[in-house]
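Worksheet: one structure, shown below.
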Amino acid sequence: MIDLKAARQEPDRFRTALARRDAEQDFEALLRADASWRELTERVDKLRAAQKRRPKSAPTPSEIDELKRAKDELRRSEDELGQAAAQRDALLARIPNLPHPSAADGWTDEDAIELRTWGEKPEFGFTPKDHLELGSPRGWIDMARGARMAGSRFAYRFGDVALTEMAMYRFVIDRLAAKGFMPVLGPVLASEKPMYGTGFLPTDESNLYSLEKDHLYLTGTSEVALAAIHMQEILELDALPARYTAFSTNFRREAGAAGKDTRGMFRVHQFDKIEMYVYCLPEQSEELHDELLANEEELVQALGLPYRVVNIAVGDLGASAAKKYDIEAWFPTQGRYREITSCSNTTDYQARRLNIRFRRDGRTETVHTLNGTGVTARSLLAIMENFQDERGVVTVPEVLRPYGAPATLGAAPE
RNA sequence: GGAAGCGUGGCAGAGCGGCCGAAUGCACUCGCCUUGAAAGCGAGCGUCCCGCAAGGGACCGGGGGUUCGAAUCCCUCCGCUUCCGCCA
C-alpha cells in the first residue's frame, strides 16, 4: 500500500503520480476518509484516557454509575471509529503503487517502450513450425490429454521435452544461486494475508484459483511464497539485500484472456517457473531492479534466444509495481516478440502491506522488494521455435546439457 | 480424522479480575574496570497509531463477549505439542 503518512504531508506529489495510472479519484476519497478517521481517533483517545483515570481500586457504587455512562459513550465512538477505519482501509487497499518517473506513459502493452534488442532472428529456408506442430506428432506435448485431465489450457509434457524443461529450471537455479540467491521450495497454496500483502488481492481476485472450503488460494507465482518469508518481520540491516530464488508450479485462471493464445501451451492455467525475489534498502531498489534485469538478460543470452527489452507502460502495471521491464523473445511463427520474463520494482508497496521492516539508527523503516522471472516453460517454446531445422529437429542450448537435457529434440542418434 | 494440553517482550519464564506494558534470568547496547578479553559493576533495551511538539492512545496468538475495570473469566478461530488412526 502507499505510505499514508507521506500522502498526508505531500498530497500533490501523490495526486500527480497516481493520475498517470488513473487512480486520483480513489486517492481523493482516501484523503477524505482518512481525515474523518483522524478526527474520530482523537475523540476516542480522549475518552479512553478519561476512562483510564479510573480509581485504582474498587470504586464506590455512585462512581460505578458514572463509569457506566462513560463506557457507553466510549463504545459508541469506538464503533464509529471502526467503521471509519474500515472505509479508509478498503480505499487504501485499492490504491496502486506510485509509478516510477521513468516508467513509460500509456495504458496498454502497445505503449511499452522498446529499450534494446539482442540476438539474430533466425532465417528459415522453410516454413517454421510452432511448438505444438513440433511437439505434438512426437508425443512431447499433449494438449488433448491435458484437456481430458483438467480441461482446456492444461498441458502434458513427455520425454525429452519434459527433461529439457527440467534442465532449464535447474540450470537457472544454479546460475542464480551462484549470484547469491537462496534457493527455495515453498507452498503454492496461500491464505488471504499473503495474497493481500503481495497485492494480488483484492484487485486480481478474478485471476486466482481459490479453495473455498479451506480459505486458500493457489498462487499464480512463487513471488507470493517468497514475499511471505519475512512477513511481519523486522530485518537486521546486515541481512539486506536478501536474494531468493524459487521453483514453483503456478496457477492462473486467465480470466479475461478468453480467445487469446489458445493454441498449445503458450498460455496455460498451470505452468512452472523459477522466480527471483529481493528484499533491500529503499535506496538500493533501483539498482537492484537493473540487477534483476541483467540477470534475466544473461540467462536468455545463455540460451541464445533473440529478444528485446521493454519498459512497461504505467497503465499496464500490476497494482504493486512502480516500474516493470519485460523481456520478450522472438517467436518466428508469430512473427513478433512475446513476453518470456518480467521484473518489477514494487518499492515499499508489498513490504508495507506485509509489514516487512528493517532497523536503522534505532528506527524501523519499510524495506523495498523486487521480483523477476528466472525462466518459465515459455522459454522452452521459444527454444523449439528458434532452433528447429527443416526436419523438425530442435537443437537444445549447450548450457542445458550438463543438466540432463538431450543435445537435440528429435534427432536420430548419431 | 479422534483425545488431551498449550499459546506472555529476541529467547527462557513469572503473572490473586483493579497497584501489569507486564517480575526475573539470558541475550543485546552503552559506560566503568582490564594491556586485551572474560567475569564483575552501573545504565539502557518491544511494536504500532494520532500529534509540529508537549502529550495521549493501542497491543500479553487473531476476533468477539462478560465487567465500572481483563494478560487474568467465557465463546470462537488460528497455530503449536503429545497420544491414537491414516499416509508420500
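Quick caveat, the model's predicted, so the values are computed rather than measured. Here is the naming used below: chain letters follow the sequence lines, and residue numbers restart at 1 for every chain.
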Using Watson-Crick or G-U wobble geometry with both distances under 3.5 Å, which nucleotide pairs with [N]?
N	result
B:rC30	B:rG42
B:rA58	B:rU47
B:rG7	B:rC78

Mind calculating the distance between [atom1] ([X]) and [atom2] ([N]) to the nearest angstrom?
X	N	atom1	atom2	value
A:L74	B:rG57	CG	C1'	11 Å
A:E233	B:rC11	CD	C1'	15 Å
A:E192	B:rC77	CD	C1'	14 Å
A:Q232	B:rG62	CD	C1'	11 Å
A:R360	B:rU29	CZ	C1'	19 Å
A:R48	B:rG57	CZ	P	10 Å
A:D238	B:rC28	CG	P	15 Å

Counting the benzene-type ring for Trp, do A:F358 and A:Y279 have ring centres under 6.0 Å apart?
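They do not qualify: ring centres at least 6.0 Å apart.
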Toward the 5' end of RNA chain B, by each residue's nearest nucleotide, A:V44 or A:R75:
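On the 5' side of the pair lies A:V44.
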Kindly say whether A:E73 contributes a backbone atom to a donor-acceptor pair with the side chain of A:S77 at under 3.5 angstrom?
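Present.
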Which whole number of Å gives the distance between the [atom1] atom of [N] and that of [M]?
N	M	atom1	result
B:rA43	B:rC48	P	27 Å
B:rC20	B:rA70	P	15 Å
B:rG61	B:rG55	C1'	31 Å
B:rC6	B:rC74	P	11 Å
B:rA37	B:rG44	P	24 Å
B:rG56	B:rG21	P	14 Å
B:rC75	B:rU66	P	15 Å
B:rA12	B:rG18	P	27 Å

Does atom CD of A:E192 have more than 12 heavy-atom neighbours from other groups under 6.0 Å away?
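Not buried by this count: 12 neighbours or fewer within 6.0 Å.
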Of all pairs that satisfy salt bridge (charged side-chain N to carboxylate O under 4.0 Å, His left out), the ones with a partner from residues 226-252 of chain A, not counting sequence neighbours
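Of all non-adjacent pairs touching residues 226-252 of chain A, those that pass salt bridge (charged side-chain N to carboxylate O under 4.0 Å, His left out) are A:R243-A:E291.
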Think A:R15 forms a cation-pi with A:F27, using NZ or CZ under 6.0 Å from the six-ring centre and within 45 degrees of its axis?
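Ring-cation test returns no.
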Using the ring of each side chain (for Trp, its six-membered ring), is A:F251 parallel, tilted or perpendicular to A:Y209, with breaks at 30° and 60°?
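Perpendicular: the ring planes of A:F251 and A:Y209 meet at over 60°.
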Return a single string for nucleotides 46-55 of chain B, one symbol per nucleotide in 5' to 3' order, where B is base contact, S is sugar-phosphate-only contact and - is none, cutoff 4.0 angstrom on heavy atoms.
-SSSSS----
Looking at CG of A:L400 and CD of A:E165, how far apart are the two atoms once the value is rounded to the nearest 0.5 Å?
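Interatomic distance, A:L400 CG to A:E165 CD, rounded to 0.5 Å: 11.5 Å.
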Under the side-chain hydrogen bond (donor to acceptor under 3.5 Å, both in side chains) rule, collect the residues that match up with A:Y337, sequence neighbours excluded.
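Here no residue qualifies.
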Does A:K71 have a side-chain nitrogen or oxygen under 4.0 Å from the phosphate oxygens OP1 or OP2 of B:rG69?
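Affirmative; the distance criterion is met.
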